[in-house]
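First up is the structure itself, then whatever we jot down about it.
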Amino acid sequence: MSFLNGKTAIITGGGRAVLENGACGSIGYGIATAYAKEGANLVLTGRNVQKLTDAKEELERLYGVKVLPVQADVSAGADNEAVVGNVVKQAMDAFGRIDVLINNAQASASGVPLAQHTTEQFDLALYSGLYAAFYYMKACYPHLVETKGTVINFASGAGLFGNYGQCSYAAAKEGIRGLSRVAATEWGKDGVNVNVICPLAWTAQLEKFEKAYPDAFKANVKMPPMGHFGDVEKEIGRVCVQLASPDFKYMSGETITLEGGMGLRP
């Protein structure tokens, strides 16, 4: 029996996306696939209803789990507490528990230099990433206390290394790292595990980034020493499965950098 049977995971940005070659092209969907294989029921959020519907159809058909797709967009000017509250309410109504929260969703104007960045572009990154993580963590907290659950947030090498053309993205991701460390400190006594992953995976968004901003791509995206980018399911998704295991509770508060073929590097 898979150890996530009967458990519920919320994955933001969990819609199905594909690469030009037809392979899975979304970190969120790669995580969802790894969790579905372990028997978890899923709540997938995103802005694109069709991608969420496609994810639900495929995961339920292939793995026999239940998938609840909920359209949700944390953005400037929206009633974001209500948006997130609706997701959490639907999750509890459908499954009665929340065991894992994975804050994966993030939008940004990557490739635009800082001096040319607009306030709207900066808000896009902060709201879709940092504010979204903040609202979801607050809303899920009482339910995660009940299940002694897990929070997995996503940051990036863009913040660690100061990537060219990614000022708002880097700011959002560094904010998420700080938020996560505070949560790990405050929530550890409640048995809630909080970690951050900084992945390098080949995704549909990265494909688009390479075409739209080739100079920024060349400056920022380096091939890992093992010669391949991370696989969204087998490497990123499986790490997320590991972090939901009771055996990994001692790692709460760590930032984990995951590069293609290189495993876990706190």
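Just so you know, these numbers come straight off a predicted model, no measurement behind them.
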Flag side-chain contact, heavy atom, 4.5 Å: [X] against [Y]:
X: Tyr35; Y: Leu59; answer: no
X: Arg238; Y: Glu38; answer: yes
X: Lys37; Y: Glu233; answer: yes
X: Val151; Y: Tyr136; answer: no
X: Leu179; Y: Met137; answer: yes

### Task
Determine, stepwise, if the pair Gln242 / Val239 fulfils side chain to side chain contact (heavy atoms under 4.5 Å, CB included).
CA-CA 5 Å; Gln242 281 184 290; Val239 167; 4.2 Å; yes
### Task
Given side chain to side chain contact (heavy atoms under 4.5 Å, CB included), test Ile152 with Leu101 step by step and report yes or no.
CA-CA 6 Å; Ile152 303 171; Leu101 168 65; over 6 Å; no
### Query
Parallel, tilted or perpendicular: which describes the rings of Tyr127 and Tyr131, with under 30° parallel and over 60° perpendicular?
parallel
Which atom names give the shortest non-hydrogen contact between [X] and [Y], and what distance separates them?
X: Leu124; Y: Ala109; result: CD2-N, 4.4 Å
X: Gln106; Y: Ser128; result: NE2-OG, 3.3 Å
X: Val83; Y: Ala72; result: CG1-CB, 3.9 Å
X: Ile98; Y: Leu144; result: O-CD2, 3.7 Å

### Task
Return the set of residues passing ring pair (Phe, Tyr, Trp, His ring centres under 6.0 Å) with Phe122 (not counting sequence neighbours), or none when no residue passes.
none
Look up atom [atom1] in [X] and atom [atom2] in [Y], then write down how far apart they are to the nearest 0.5 Å.
X: Arg16; Y: Leu44; atom1: CZ; atom2: CG; answer: 13.0 Å
X: Ile236; Y: Leu200; atom1: CD1; atom2: CG; answer: 8.0 Å
X: Leu130; Y: Asn103; atom1: CG; atom2: CG; answer: 10.0 Å
X: Ile102; Y: Ile27; atom1: CD1; atom2: CD1; answer: 11.5 Å
X: Leu243; Y: Thr150; atom1: CG; atom2: OG1; answer: 7.5 Å
X: Ile197; Y: Cys240; atom1: CD1; atom2: SG; answer: 3.5 Å

### Message
Using the rule given for side chain to side chain contact (heavy atoms under 4.5 Å, CB included), can you reason through Asn195 versus Asn153, listing the C-alpha separation, both sets of side-chain angles and the distance that settles it, and then say yes or no?
### Response
CA-CA 6 Å; Asn195 289 104; Asn153 291 332; over 6 Å; no
### Query
Pairs in or reaching into residues 164-191: which pass ring-ring contact (aromatic ring centres under 6.0 Å, His included), with residues at least two apart or in two chains?
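Pairs touching residues 164-191 that pass the test: Tyr141-Trp187.
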### Message
Run Val100 and Thr8 through side chain to side chain contact (heavy atoms under 4.5 Å, CB included) and show every step you take.
### Response
CA-CA 6 Å; Val100 184; Thr8 302; over 6 Å; no
### Query
Tell me the side-chain hydrogen bond (donor to acceptor under 3.5 Å, both in side chains) pairs involving residues 42-54, sequence neighbours left out?
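Applying side-chain hydrogen bond (donor to acceptor under 3.5 Å, both in side chains) to every pair that reaches into residues 42-54, excluding sequence neighbours, yields Gln50-Asp54.
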### Task
Just jot down the side chain to side chain donor-acceptor pair (under 3.5 Å) partners of Ser110, sequence neighbours excluded, or say none.
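For Ser110 the side chain to side chain donor-acceptor pair (under 3.5 Å) partners, ignoring immediate neighbours, are Ser108, Gln166.
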### Message
Considering only residues two or more places apart or on different chains, which pairs with a residue in residues 62-82 satisfy salt bridge (charged side-chain N to carboxylate O under 4.0 Å, His left out)?
### Response
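Sorted pair list comes back empty.
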### Message
Can you pull out every salt bridge (charged side-chain N to carboxylate O under 4.0 Å, His left out) where at least one residue sits in residues 95-109? Sequence neighbours excluded, please.
### Response
Arg97-Asp99
### Query
Between the side chain of Lys148 and the main-chain N/O of Val192, is any donor-acceptor distance below 3.5 Å?
no
### Task
Answer with yes or no whether the side chains of Glu58 and Tyr29 bring together a donor and an acceptor at under 3.5 Å.
yes
